[in-house]
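Keep in mind that this is a model prediction, so the values were computed, not measured. These numbers come from the heavy atoms of this one structure, side chains and all, not from hydrogens, waters or symmetry mates. Lettering follows sequence order; numbering is per chain, from 1.
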Amino acid sequence: MINLEWMAWTAPTATFFITIGVILSAMTTWQLIAPSPPRRGFLPLTTTPGDRLFIGLLSSAYVHLGWLGFTDFSIWFALGISVIWLIVLMRWG
Amino acid sequence: MDKWEDNRAWWLVVPVFLIVAISAIIPLMTVVNYSVQDIFGPGQRVFVGTEWFKEVLTDRRLHEALGNQFLFSGLVLLIEIPLGVAIALAMPKQGWRASLCLVLLALPLLIPWNVIGTIWIIFTRPDIGLMGVAINGLGLEFDHTAAPLDAWVTVMLMEVWHWTPLVVLLAYAGLRAIPEAYFQAARIDGASAWATFRYIQLPKMRGVLTIAVLLRFMDSFLIYAEPFVLTGGGPGNATTFLSIHLVKMAVGQFDLGPAAAFSLIYFLIVLLFSWLFYQALQNVGTGDKR
């Protein structure tokens, strides 16, 4: 077994990376089975599902940072907002 | 649908993916892990959740460094891009003079970054440096180690001297690629020099200038070696840019948790701007086609 102690893993960060990994794998499989052509939604640019995922994840990171920087509420609210935003973006973006 | 049936070429990307995984993804994952813990030493760590992010986001020194960084990168673009284009326009079009200009302009680009800092320390010294002595000789007080404004002027001069040649070379290549027929047509129409620049040369240089803006923004945003050697981030915190602040935190104070949180925020800023510039680059010229 490889010793990963130096990477200082914690349960929340492991869950985070596993979730990202699962989303990427699922998206790759989905695109291999049924490729989606680039399209234009409410975003001002033509995007593929991969582009929308990237935009969604990046903007979610900023939502979390903004939440931490400007409010004292629980970070779980930011996660909820991000998940809804990601779904809206993937569907209509 | 044909192109989806044979994906074997993707296997050729595997070595690159492995190298990127070892050199970038795994270290980045480690940084994410560090950012949610207080690290005391090997095997000694405590989970602190989002505390470091909160601390870093409300840190006045970070805001100061971020402000310095945006001001610096903004000034770099405002000065280097127009200056680079102006020099490229003034350069000889062909012959040995053109070759000589290109060689002379490329020289600053060949010097290692930390050496650049040392050169400018000596050049601007008030007692023996050519520039320092000359400015003091005019009756103006100049000392980049004591006055914040002087430090900024020196860092900006060094940056402009070092990197404007890159913009010149890119703009010059863009200008040389414009077919002569455009200029003949402009002469026949009696276009002024300004009109020729505005309606022929500038639009034709749009691609190379976008690359120049991208490169200069990214490089100036990540600047470390030159100001570190020249001013060390001082006087006070006047020229402390993001990377200098980060290194002080991580290596100087060994605050690995906050430094990791800070690195991630820095990474997200760079990622956002890279993406915005990438989009701009992708959409260059598409307006004409519609």
Checklist entry - In terms of heavy-atom contacts, does CZ of A:Phe77 have more than 12 from other residues, nucleotides or ligands at under 6.0 Å? => result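 No, CZ of A:Phe77 has 12 or fewer neighbouring heavy atoms, counting only those of other groups under 6.0 Å.
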
Checklist entry - Does OH in B:Tyr199 sit with more than 12 non-hydrogen atoms of other residues, nucleotides or ligands closer than 6.0 Å? => result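 No, the 6.0 Å shell around OH holds no more than 12 heavy atoms from other groups.
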
Flag side-chain contact, heavy atom, 4.5 Å: [X] against [Y]:
X: A:Trp9; Y: B:Met29; answer: yes
X: B:Arg45; Y: A:Thr10; answer: yes
X: B:Val32; Y: A:Phe17; answer: yes
X: B:Ile269; Y: A:Tyr62; answer: yes

Checklist entry - For B:Leu264, is it the side chain, the backbone, both or neither that has a heavy atom under 4.5 Å from a heavy atom of chain A? => result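 Interface part for B:Leu264: neither.
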
Next on the checklist: Only pairs of heavy atoms separated by less than 4.5 Å count here; which of A:Phe54, A:Phe70, A:Phe16 has the most with chain B?
Outcome noted: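 So the answer, after comparing A:Phe54, A:Phe70, A:Phe16, is A:Phe54.
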
Item to check | Structural part of A:Thr46 lying under 4.5 Å from a heavy atom of chain B | outcome: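 Contact with chain B is absent: no heavy atom of A:Thr46 under 4.5 Å.
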
Item to check | Part of A:Leu45 within contact of chain B (heavy atom distance under 4.5 Å) | outcome: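 For A:Leu45, the contact with chain B is made by the side chain alone.
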
With a cut-off of 3.5 Å and sequence neighbours excluded, list every side-chain donor-acceptor pair involving residues 20-30 of chain A.
{"residue": "A:Ser25", "atom": "OG", "partner": "A:Gly21", "partner atom": "O", "Å": "2.7"}
{"residue": "A:Thr28", "atom": "OG1", "partner": "A:Leu24", "partner atom": "O", "Å": "2.6"}
{"residue": "A:Thr29", "atom": "OG1", "partner": "A:Ser25", "partner atom": "O", "Å": "2.6"}

Roughly how far apart are [X] [atom1] and [Y] [atom2], rounded to 0.5 Å?
X: A:Asp51; Y: B:Trp275; atom1: CG; atom2: CH2; value: 8.0 Å
X: A:Ile75; Y: B:Lys54; atom1: CD1; atom2: NZ; value: 7.5 Å
X: B:Trp52; Y: A:Leu68; atom1: CH2; atom2: CG; value: 14.0 Å

Checklist entry - Under a 4.5 Å heavy-atom cutoff, which of B:Val36, B:Asn33, B:Val31, B:Thr30 has the most pairs with chain A? => result B:Asn33

Next on the checklist: How close do A:Gly69 and B:Thr58 get, counting heavy atoms only, and between which atoms?
Outcome noted: O-CG2, 4.4 Å

